[in-house]
Amino acid sequence: MTLYPKLIEEALATVIYPGTKKNLIESEMLADTPSINGMKVKVVLLFPRDTDPFLKSTVKAAEAAIHYHISKDVEVEIVTEFKSAPRPEVGKMLPQVKNVIAVSSGKGGVGKSTVSANLAIALAKLGYKVGLLDTDIFGPSMPKMFGVEEERPYSVHKDGRDLIEPVEKYGVKLLSIGFFVSPTTATLWQLIADADWGELDYFILDTPPGTSDIHLTLLQTLSITGAVIVSTPQQVALADARKGIDMYQNDKVNVPILGLIEN
């Protein structure tokens with residue numbers, strides 16, 4: 001059997017890319033003419049970014065299409081390239097941010113989000129450049145507090161990357177998981193790594209109540225300067241606040257506690 005590029009392209013034209021709802025050829029995702037060496041085929045597919053949620057499934061579908069439409073004996077190699085420049089490595093994220101402050105509470109309903117909002121706006125009024133990220137997947141409240149519930153952040157192309165542009169209100173750059181339909185931990189990751197935060201003196205993180213996986217993601221992803229713990233005076237709330245303090249002061253984490261706010 002003799003392989004030739006047109007044959008490969010016809011097979012790839014049967015694969016729909018969910019991002020455009022068109023096939024790979026129509027979506028202009030074939031970066032180059034497929035290279036053929038006997039029964040070996042190399043295909044270069046071009047994706048919008050390295051965090052593309054359809055990447056793995058599309059690569060599998062392309063390989064399956066070649067095997068199905070041509071032959072199972074074809075040895076397929078698929079290389080992926082990206083239109084958008086890769087995001088910075090963990091630890092080198094937010095290089096223009098001087099201080100990352102996590103606002104935490106052991107339990108919900110103690111006023112943690114109110115403290116985060118007031119802290120961010122107060123710092124902005126003092127003349128600092130401030131960013132605020134609402135990371136609470138379960139009950140994001142920042143869009144309501146800032147009166148921007150109808151806002152939908154858009155994408156800007158900067159330094160070879162597609163970045164999410166934060167909403168700006170009261171001098172604070174704001175992004176919330178609440179701006180997005182069906183948010184996930186992956187969405188949160190994008191709000192940190194794929195957003196145009198720019199130069200900031202303070203980056204405030206309004207974290208979910210308790211000690212969830214999201215906290216671990218934030219602690220592993222960002223170099224946190226310090227944490228502010230929010231509690232109410234009740235014994236149960238204070239017991240939960242202690243758990244939050246323990247999480248940040250754990251030997252592996254070792255984030256300084258800047259203060260405990262009793263609300």
Might you work through the salt bridge (Lys or Arg N to Asp or Glu O under 4.0 Å) test for D240 and K243, ending with a clear yes or no? CA-CA 5 Å; D240 284 337; K243 287 179 196 167; 3.5 Å; yes

Show the numbers, then the answer: is there a side chain to side chain contact (heavy atoms under 4.5 Å, CB included) between V172 and I204? CA-CA 10 Å; V172 174; I204 312 291; over 6 Å; no

For T14 and Y68, run side chain to side chain contact (heavy atoms under 4.5 Å, CB included): C-alpha distance rounded to whole Å, both residues' side-chain angles, the deciding distance at 0.1 Å, then the answer. CA-CA 11 Å; T14 65; Y68 179 78; over 6 Å; no

Would L133 and W197 satisfy side chain to side chain contact (heavy atoms under 4.5 Å, CB included), going step by step from the backbone distance to the final call? CA-CA 10 Å; L133 176 60; W197 290 108; 4.2 Å; yes

Between E75 and M39, does the side chain to side chain contact (heavy atoms under 4.5 Å, CB included) criterion hold? Intermediate values first, please. CA-CA 6 Å; E75 206 175 305; M39 289 298 278; 5.7 Å; no

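The CZ atom of F82 sits 13.0 Å away from the CG atom of D162 when rounded to the nearest 0.5 Å. A distance of 13.0 Å separates OG1 of T232 from NZ of K112, quoted to the nearest 0.5 Å. Interatomic distance, T58 OG1 to L45 CG, rounded to the nearest 0.5 Å: 8.0 Å. Atom CD in E26 sits 12.5 Å away from atom CG in L12 (nearest 0.5 Å). Atom NE2 of H69 sits about 10.5 Å away from atom CG of L7, to the nearest 0.5 Å. Remark: K72 NZ to H67 NE2 distance equals 9.5 Å, nearest 0.5 Å.
Evaluation of the ring pair (Phe, Tyr, Trp, His ring centres under 6.0 Å) test over residues 111-136, restricted to residues two or more places apart or in two chains, returns Y128-Y202. Sorted by first and then second residue, the ring pair (Phe, Tyr, Trp, His ring centres under 6.0 Å) pairs involving residues 93-125 (not counting sequence neighbours) form an empty list.
The hydrophobic clustering, which links ILVMFWY residues whose side-chain heavy atoms are closer than 4.5 Å, places L163 and L132 apart. Hydrophobic clustering (ILVMFWY, side-chain heavy atoms < 4.5 Å, transitive): L46 and L30 are in distinct clusters. Under a hydrophobic-cluster definition in which Ile, Leu, Val, Met, Phe, Trp and Tyr are linked whenever side-chain heavy atoms come within less than 4.5 Å, directly or via other members, I257 and I101 are assigned to the same cluster. Following chains of ILVMFWY side-chain contacts shorter than 4.5 Å, one can reach L126 starting from L174, so the two form part of one hydrophobic cluster. No path of Ile, Leu, Val, Met, Phe, Trp and Tyr side chains, each step under 4.5 Å between heavy atoms, connects M29 with I16, placing them in separate hydrophobic clusters.
Taking each heavy atom of A62 and V15 in turn, the nearest pair found is CA-CG2, 3.9 Å. In terms of heavy atoms, P34 sits closest to E9 at CD-OE2, 3.6 Å. In terms of heavy atoms, S176 sits closest to P143 at OG-CD, 3.4 Å. Minimum interatomic distance between E63 and I78 (heavy atoms only, all atoms of both residues): N-CD1, 3.7 Å. Contact detail for A65 and A11: the closest heavy-atom pair is CB-O, 3.6 Å. Closest approach of N263 to V110, counting heavy atoms only: ND2-O, 3.0 Å.
Annotation: side chain of D201 is not in contact with side chain of L123 (no heavy-atom distance under 4.5 Å). With contacts defined as side-chain heavy-atom distances shorter than 4.5 Å, the pair F179/V167 qualifies. At least one side-chain heavy atom of E81 sits less than 4.5 Å from a side-chain heavy atom of V44.
Judged as a side-chain contact (heavy atoms from CB on, under 4.5 Å), and not counting sequence neighbours, the contacts of E199 are Q96, K129.
A donor-acceptor distance shorter than 3.5 angstrom exists from the side chain of T225 to the backbone of V100, with no hydrogens or angles considered. The backbone N or O of V103 sits less than 3.5 Å from a side-chain atom of T207, completing a donor-acceptor pair.
Remark: of the listed residues D206, T135, D134, D206 is the sole one forming a side chain to side chain donor-acceptor pair (under 3.5 Å) with S116.
Between Y17 and F47, the ring planes are perpendicular. Angles over 60° get that label, and only those under 30° would be called parallel.
More than 12 heavy atoms of other residues, nucleotides or ligands lie within 6.0 Å of CD in E165, so this atom counts as buried by the packing criterion.
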